[in-house]
Amino acid sequence: MASLEQLLHDRLAPAFEDVAGAPADPTLRRSQHADFQADGALALARRLGRNPRDIAAEVVSHARLDDLCRSVQISGPGFINLTFSDEALAPLVAEMASHARLGVSRAEDPHTVVIDYSAPNVAKEMHVGHLRSTVIGDAAVRVLDWLGHRVVKANHLGDWGTPFGMLIEHLLDMGESEGAHELSQGDLNGFYKAARIKFDADDSFKERARNRVVALQGGDPQTLRLWRLLVDESEKYFLAVYGRLGVRLTEDDFFGESFYNDMLHSVVEELGRIGLLTESDGAKVVFPRGFTNRDGDPLPVIVQKRDGGFGYGATDLAAIRYRTQELKADRLLYVVGLPQKQHFEMVYEVAREAGWLVAPARAQHVGFGSILGTDGKMLRSRSGDSIRLVELLDEAVSRAAVSVEVKNPELDGATRANVAQMVGIGAIKYADLSNDRLKDYVFDWKRMLNFDGNTAPYLQYARARILSIFRRGSISAPAGAPVILVTEPAERALAIELLAFPSLIEDIAESLEFHRLAGYLYTLASTFTKFYEHCPVLRSEGDVQKSRLTMSDLTARVLAQGLELLGIAAPERM
RNA sequence: GCGCUCGUAGCUCAGCGGAUAGAGCAGUGGACUUCUAAUCCACCGGUCGCAGGUUCGAAUCCUGCCGGGCGCGCCA
C-alpha cells in the first residue's frame, strides 16, 4: 500500500524534475506546520542559482496536487507545506482497514535471512547480557518472517571448547544423575562455579580436566556422551527460559559451535588454497584488508592456533560459508554486542576475500549496548555477579502482579496472573526495544512498569481499552466495505498516524531499529487516546459511529500487530 | 597509544542536514453525573559537552579538545 509520503513523492518528483531539468529529490517529511513538507526547493536553489521560494512556487504549479491536498503553501525560505484533504485520507484508511495485513504487503522477492542470536553457553546461566540479543533477535525474526522472508533462527550455543574438560569432570564427581538434575533445575551458576573453583584449586582436577578436553576433541565416545548430557540438560533449561520470555526459539534452532566442527579443517584448507592464510608464531591466521593494531600492523583473524586447535574465527568463518553456500542465505544478521563488532567486521572481510560472502549476500552486525543499573554502571547484583535472567523475569512478573491488582481488583485470579505475566515480561522487552539498540540503557523497574509514558503497559492498556469499547457497546467492528469519515482534527491526526504503519515496517526490516517501531506505537496510542477523548464513539451515530468504530478497531489491530512484531503479548482486558 | 562508541530539559530518552530542538517521568495548575481518569488539557523546564570548520542552513557532517563506556593476536 502506498504511503502518504509515497503519494506525494509520485506527484512532486516529476514536478521537481521539470523545474530542475534533472531528477531532484523533493525531500518529504512530516511537519509541524502541515501534514508534510517538501524541502527540495532549498537544495535546488544553489544548483540553479535562483530564489528557493520561486522554485517552490514553480514546482507547485507543475504538480497535480489538488485531488490529494486541500492546502499547498509556500512558507519560510521555500518549504512547501502540504495538507491532505479529508476526502483523500478517508479511502486510504478504508483500504487499510479492509486489509488483513494492515496495508503491509509480503516481500515480492523474499530473502533467506539467517539470524544469529541469543547464544547462551552450555552449563552457564543466562544473564542480562543474553536478554538483549534474545529479545532483539526475536523481534528481527518476527518482522522479517511477517514480511514473508525465509528466516533461519541460528542459536549459536557455546557448546564447545576447553571449559568442557572441567565441566565433564565435575559432572562425574557429582554423579551423572545428580549433575543432570542440578542443570535441568537451572542452577547453572552453582554448577559452573563449583567446577571452576575445583579447577583453580586442585591440580589433579586440573590435570583430569585437561585430559578430558583431549578426549573430547579426540572423539572419545564416553566423553562425547557426557558432553551431550551437559548440552541436552542445558538446552532444556534454555528452552524453559525462552518459553517464559515468549520468544520463538525452539529446540530445532540450536546450531552450537560444535555444529561446525567438521567443517573447520576444510575452512583452513580452503583459505590456504586461496592463498589467504599466513603463518604467524606457529598459528595460522588471515590478515583481512583494512584492519590494523596499535602499531599500524595488520590485525589477524586466528583460524588455527599454535597447538592445532581452532580459534573462534574458524568457527565463525565456517558458519558464514555454511549459511551462504548450504542454506543459500543472502542476508546474515549477527545480534551480538557492540564490543564484538570489530571481530565480526574482520570475519566478514575474510569471508568476502574468500568468496564466501559475495553480493548480493551481505552480513549485518546488529550490535547493541549494555544494560546499566540506575547508578549508571553495568547492571549487576549486589555481590557484583551478573544477574540471572530468570530472576529478572520473576521480579518483573511479581511487580506487575502487584500493579495489576491495585489497578483492576475486579479481575479474577487466573486472569490477573495471566495479565501480570504479559505486563511484566512485556515491560522488560519493551524497555529494551524502545531504546536505540546501539546505546546503553538504564534498567529501571519503576519506569518500565509505569502505566504512563512510553512503556509496554501503556500500549497494552491502550489496546485493551479499545477492545472494551466494543465489549461495552456489545458491538463488533463494522463488517463489509468500511465507511470512513475524516473530519475532526483528532480524526485526521489518527488517520495520518495509522497510514504511516506500512512503510515504517518496511524501514524497520532493513534498519532493524526497533525503537522506531516502539516510538511509532506510542505515538499511535497517544494519538488514539486524544481521538477517544475528543470524538465520542459509542455516543455518536450512523456513519460517524461506523467510521469511528472502524478506526478504533484498526488502531487496536495495529497496536496488537506492532506489539506482536516486538514479541510482546497484549491482554484482551487488564 | 590506536580503534569503536556515547555526551540533548532535574531524570530517562527521541530527533541525526532544513522553519521557534520534541516526548515521557518528576514538579505546578486544571478537567471525573466517564465510552476503563491506567486518561486528557495547560504551565514550568535546554547557550543540544567545549572550540573551530564545511554549508544558504548544523543537535545532526568534518577536525581538535574535555568527559564516560567498551575493544585492541590464540575465551567467544
Side-chain angles (χ1 to χ4, degrees), chain A residues 27 29 31-33 37 39-43 45-46 52 75-79 81 119 121 156 158 160-163 257 280-285 287 291-307 309-313 315-316 336-345 367 369-370 372 374 376-378 403-404 406-408 410 431 434-436 438-442 444 446-448 450-455 457-458 460-462 464-473 515-516 518-519 522-523 526 529-530 532-540 548 552 573-574:
Chain A
T27 51
R29 37 192 286 271
S31 174
Q32 296 171 6
H33 308 279
Q37 65 184 62
D39 301 343
L42 281 76
R46 190 174 169 72
S75 161
F79 304 111
N81 285 346
N121 293 309
H156 200 80
W160 199 255
T162 46
E257 290 159 19
S280 171
D281 291 337
K284 290 178 178 160
V285 305
F287 292 103
F291 294 89
T292 52
N293 70 1
R294 67 194 79 174
D295 302 319
D297 297 330
L299 213 51
V301 171
I302 292 160
V303 283
Q304 196 163 17
K305 298 184 279 190
R306 255 198 299 274
D307 64 8
F310 295 98
Y312 49 81
T315 309
D316 290 329
V336 181
L338 245 16
Q340 290 181 55
K341 184 178 166 74
Q342 189 187 39
H343 165 71
F344 280 103
E345 295 298 340
S370 310
L372 308 178
T374 42
K377 295 185 191 155
M378 297 270 276
S403 304
V404 171
V406 172
K407 303 282 189 192
N408 194 345
E410 292 162 27
S434 60
N435 281 290
D436 182 345
L438 295 170
K439 295 192 188 180
D440 297 347
Y441 76 93
V442 174
D444 183 342
K446 268 186 68 185
R447 197 164 317 118
M448 72 177 76
N450 200 326
F451 285 78
D452 299 310
N454 189 11
T455 66
Y458 177 81
Q460 289 168 323
Y461 171 68
R465 196 188 193 195
I466 297 172
L467 299 191
S468 88
I469 298 172
F470 293 96
R471 217 169 19 239
R472 171 69 73 107
H515 74 287
R516 290 181 50 215
Y522 176 64
T523 307
S526 32
T529 48
K530 281 166 203 161
Y532 189 58
E533 205 67 37
H534 297 292
C535 303
V537 177
L538 293 178
R539 289 192 304 239
S540 60
R548 289 179 181 173
S552 299
R573 60 171 83 201
M574 60 189 286

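Chain letters run A, B, ... following the sequence lines, proteins first and then strands; every chain starts at 1.
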Taking C-beta and beyond as the side chain, do A:T315 and A:H156 meet within less than 4.5 Å on heavy atoms? yes
Scan A:M574 against the nucleic acid and name what it touches under 4.0 Å (heavy atoms): base, sugar-phosphate only, or nothing. base
Provide the distance between the two C1' atoms, one in B:U5 and one in B:G24, to the nearest whole Å. 26 Å
Using a heavy-atom cut-off of 4.0 Å across all strands, would you classify A:T529 as base, sugar-phosphate, or nothing? sugar-phosphate
Gap in Å between the two C1' atoms, one belonging to B:G10 and one to B:A26, rounded: 8 Å
Without decimals, in angstroms, what is the distance between A:D440 CG and B:G71 P? 12 Å
Which value, in whole Å, describes the distance between the P atoms of nucleotides B:C4 and B:C41? 44 Å
Among B:C40, B:U36, B:C4, the nucleotide that comes nearest once only the side chain of A:K341 is considered: B:C4
What integer distance in Å separates A:Y461:OH from B:C40:C1'? 11 Å
What distance, rounded to whole Å, do you find between the two C1' atoms, one in B:U28 and one in B:C13? 23 Å
How many whole angstroms separate atom OH of A:Y441 from atom P of B:U8? 19 Å
The nucleotide from B:G15, B:C4, B:G7 with an atom nearest the side chain of A:R516 is B:G15
A:L438 has an atom CG; how far is it from atom P of B:G7, in whole Å? 11 Å
How far, in whole Å, is B:A59 from B:G3 if one measures between their C1' atoms? 25 Å
Could you tell me the separation between the CD atom of A:Q342 and the P atom of B:C2, rounded to a whole number of Å? 15 Å
Tightest non-hydrogen contact, residues A:M574 and A:A464, listed as CG-CB, 3.9 Å
I'd like the C1' distance from B:G7 over to B:C16, given in whole Å. 14 Å
When you check every protein heavy atom under 4.0 Å of nucleotides 17-27 of chain B, what one-letter string (B, S, -) results, 5' to 3'? -BBB-SSSS--
Taken to the nearest 0.5 Å, the spacing of A:S526 OG from A:Y458 OH works out to 4.5 Å
Could you go through the side chain to side chain contact (heavy atoms under 4.5 Å, CB included) check for A:C535 and A:R548 one step at a time? CA-CA 8 Å; A:C535 303; A:R548 289 179 181 173; 3.5 Å; yes
Establish, with yes or no, whether the OP1 or OP2 oxygen of B:U36 is under 4.0 angstrom from a side-chain nitrogen or oxygen of A:R573. no
Taken to the nearest 0.5 Å, the spacing of A:T455 OG1 from A:M448 CE works out to 10.5 Å
If each of A:V404 and A:D436 is mapped to the nucleotide of RNA chain B with the nearest heavy atom, which maps nearer the 5' terminus, i.e. the 5' end? A:D436
Check: protein-nucleotides 74-76 of chain B nitrogen or oxygen pairs below 3.5 Å:
| from | atom 1 | to | atom 2 | distance (Å) |
| --- | --- | --- | --- | --- |
| B:C74 | N4 | A:R306 | NH1 | 2.5 |
| B:A76 | O3' | A:E257 | OE2 | 3.0 |
| B:A76 | N7 | A:Y312 | OH | 3.0 |
| B:A76 | N6 | A:Y312 | OH | 2.7 |
| B:A76 | N3 | A:Q340 | OE1 | 3.4 |

When the P atoms of B:G1 and B:G57 are considered, how many whole Å apart are they? 36 Å
Distance-only, no hydrogens or angles: does the A:D440 side chain make a donor-acceptor pair with backbone N or O of A:S370 under 3.5 Å? yes
Distance check needed: B:A38 C1' versus A:F451 CZ, whole Å only. 7 Å
Ranking A:V442 and A:R465 by the position along RNA chain B of their nearest nucleotide, the one closer to 5' is A:V442
N/O (side chain, A:K439) to phosphate O (OP1/OP2, B:A14) under 4.0 Å: yes
Are the side chains of A:V336 and A:H343 in touch, meaning some heavy atoms are under 4.5 Å apart? no
Contiguous pairing runs of three or more, Watson-Crick or G-U under 3.5 Å, that involve RNA chain B: B:1-7 with B:66-72, B:10-13 with B:22-25, B:27-31 with B:39-43, B:49-53 with B:61-65
Decide side chain to side chain contact (heavy atoms under 4.5 Å, CB included) for A:K446 and A:T374; before the verdict, give the C-alpha distance in whole Å, the side-chain angles of both, and the deciding distance to 0.1 Å. CA-CA 10 Å; A:K446 268 186 68 185; A:T374 42; over 6 Å; no
So CG of A:D444 and CG of A:L372: to nearest 0.5 Å the spacing works out to 11.5 Å
To the nearest 0.5 Å, what is the distance between OG (A:S540) and CG (A:L538)? 7.5 Å
Could you check whether A:A45 gets within reach of a base, just the sugar-phosphate, or nothing at all, counting any heavy atom under 4.0 Å? nothing
If I take atom CE in residue A:M378 and atom C1' in nucleotide B:U5, what distance separates them, rounded to the nearest angstrom? 14 Å
Rounding to the closest angstrom, what is the interatomic distance between B:G15 and B:G49 at atom P? 15 Å
CZ-CG distance between A:F79 and A:L42, expressed to the nearest 0.5 angstrom: 5.5 Å
Selected nucleotide, minimal atom distance to A:L299 side chain, candidates B:U36, B:C72, B:C4: B:C72
The reported gap from CD in A:E257 to CG in A:D316 (rounded to nearest 0.5 angstrom) is 8.0 Å
Side chain proximity check, A:N408 to A:R573, heavy atoms < 4.5 angstrom: no
Between A:S434 and A:Y441, is a side chain to side chain contact (heavy atoms under 4.5 Å, CB included) present by the stated rule, with each step listed? CA-CA 10 Å; A:S434 60; A:Y441 76 93; over 6 Å; no
Nearest whole angstrom, please: distance from the C1' of B:G69 to the CG of A:L372. 8 Å
